[in-house]
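Reviewing the structure listed below.
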Amino acid sequence: MSARLGHVKLPVSDLEASRRFYSAALGAFGWQIVFDGPRSLGFGVGDTEPFAVEQTEAPAVGTHIAFDAPDEATVDAFHTAALAAGGRDNGAPGLRPYGDHYYAAFVLDPDGHNIEAVFQR
């Protein structure tokens with residue numbers, strides 16, 4: 001039996017900064033806010049919520065999360081949108097030496113978490 005990841009909740013320091021960043025960055029995948037609470041936001045498609053952020057007093061730092069993209073254009077769109085929404089470049093879109101065809105981009109979110117979009121053939 002194999003396991004499948006159900007969801008991820010990332011602690012953040014500023015919910016509004018995270019709202020702007022993740023709405024733009026995950027919007028490249030067609031994701032939107034599907035849950036909007038007083039201290040947390042859930043992102044997904046339809047009624048699914050595979051990714052959430054929650055404002056905390058002391059967020060974790062140094063987390064790395066990768067989102068699978070359906071193609072290279074989505075990786076590019078993710079990177080552009082994330083930078084426009086306040087993210088910091090941590091690796092422009094391009095091929096990486098992690099596999100035969102590993103096309104990825106990396107952006108640091110407002111709390112310094114390393115967020116990746118990747119397309120693998």
Side-chain angles (χ1 to χ4, degrees):
M1 175 193 221
S2 66
R4 190 173 70 117
L5 183 63
H7 64 275
V8 171
K9 185 179 282 186
L10 187 65
V12 299
S13 63
D14 182 335
L15 192 61
E16 290 311 309
S18 292
R19 177 190 304 272
R20 288 187 299 276
F21 176 81
Y22 285 105
S23 291
L26 298 181
F29 294 95
W31 290 22
Q32 59 189 352
I33 295 173
V34 295
F35 173 79
D36 192 343
R39 296 183 58 83
S40 63
L41 301 168
F43 295 86
V45 177
D47 62 354
T48 64
E49 184 186 321
F51 182 76
V53 297
E54 180 174 43
Q55 186 167 332
T56 64
E57 297 301 318
V61 294
T63 303
H64 176 182
I65 298 174
F67 292 91
D68 284 333
D71 51 40
E72 292 178 3
T74 302
V75 173
D76 296 344
F78 157 86
H79 189 258
T80 299
L83 293 180
R88 292 175 289 146
D89 182 42
N90 199 31
L95 290 172
R96 303 289 192 265
Y98 309 138
D100 289 340
H101 188 92
Y102 194 103
Y103 187 88
F106 302 85
V107 178
L108 299 177
D109 80 353
D111 287 294
H113 300 295
N114 187 25
I115 309 302
E116 174 185 359
V118 58
F119 170 68
Q120 299 180 71
R121 247 189 259 162

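All of these numbers come straight from a predicted model, not from anything done at the bench.
- For the pair Arg96 and Glu116, the salt-bridge criterion is not met [side-chain N within less than 4.0 Å of a carboxylate O].
- Using bins of under 30°, 30° to 60° and over 60° for the plane-to-plane angle, the ring pair Tyr22/Phe51 lands in the tilted bin.
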Working for side-chain contact (heavy atoms from CB on, under 4.5 Å), residues Phe78 and Thr80: CA-CA 6 Å; Phe78 157 86; Thr80 299; over 6 Å; no
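- Between Tyr103 and His101, the ring planes lie parallel to each other; the angle is under 30°, not in the 30° to 60° tilted range.
- Remark: Arg88 CZ to Ile115 CD1 distance equals 11.5 Å, nearest 0.5 Å.
- One finds the CD atom of Glu54 at 7.0 Å from the CZ atom of Arg39 (value rounded to the nearest 0.5 Å).
- Taking both residues in full, the closest heavy atoms of Asp76 and Pro93 are given as OD1-CB, 3.1 Å, listed atom of the first, atom of the second, then distance.
- The hydrophobic clustering, which links ILVMFWY residues whose side-chain heavy atoms are closer than 4.5 Å, places Val8 and Val12 together.
- Smallest separation of non-hydrogen atoms from Pro50 and Trp31: CG-CH2, 3.6 Å.
- When all heavy atoms of Ala24 and Ala81 are compared, the closest pair comes out as O-CB, 3.4 Å.
- Here the side chain of Asp89 pairs a donor or acceptor atom with the backbone of Gly91 at under 3.5 angstrom.
- Every residue two or more places apart in sequence or in another chain that forms a side chain to side chain contact (heavy atoms under 4.5 Å, CB included) with Gln32 is listed here: Val34.
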Stepwise side-chain contact (heavy atoms from CB on, under 4.5 Å) check, Phe119 with Asp68: CA-CA 6 Å; Phe119 170 68; Asp68 284 333; over 6 Å; no
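- Shortest non-hydrogen contact noted between Ala117 and Val75 is O-CG1, 3.7 Å.
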Verdict with reasoning, Ser40 to Val53, per side-chain contact (heavy atoms from CB on, under 4.5 Å): CA-CA 6 Å; Ser40 63; Val53 297; over 6 Å; no
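- Relative orientation of the Phe106 and Tyr98 rings is perpendicular, given thresholds of 30° and 60° on the angle between their planes.
- With hydrophobic clusters built from ILVMFWY side chains whose heavy atoms lie under 4.5 angstrom apart, Leu83 does not share a cluster with Val118.
- Panel note: side chain Thr48, backbone Gly44; no donor-acceptor pair is recorded below 3.5 Å.
- For Glu72 against Arg121, the heavy-atom pair with the smallest separation is OE2-NH2, 3.6 Å.
- Asp36 contributes atom CG, which lies 7.5 Å from atom CG of Leu15 (distance to the nearest 0.5 angstrom).
- Contact of the Leu10 side chain with the Ile65 side chain is registered, since non-hydrogen atoms from C-beta on lie closer than 4.5 Å.
- Rounding to the nearest 0.5 Å places CD1 of Ile33 at 11.0 Å from CD of Glu49.
- Atom-to-atom distance recorded for Asn114:CG and Asp109:CG is 9.0 Å, nearest 0.5 angstrom.
- Here the closest non-hydrogen pair linking Thr74 and Ala28 is CG2-O, 3.6 Å.
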Step-by-step side-chain contact (heavy atoms from CB on, under 4.5 Å) determination, Phe43 to Leu41: CA-CA 7 Å; Phe43 295 86; Leu41 301 168; 3.9 Å; yes
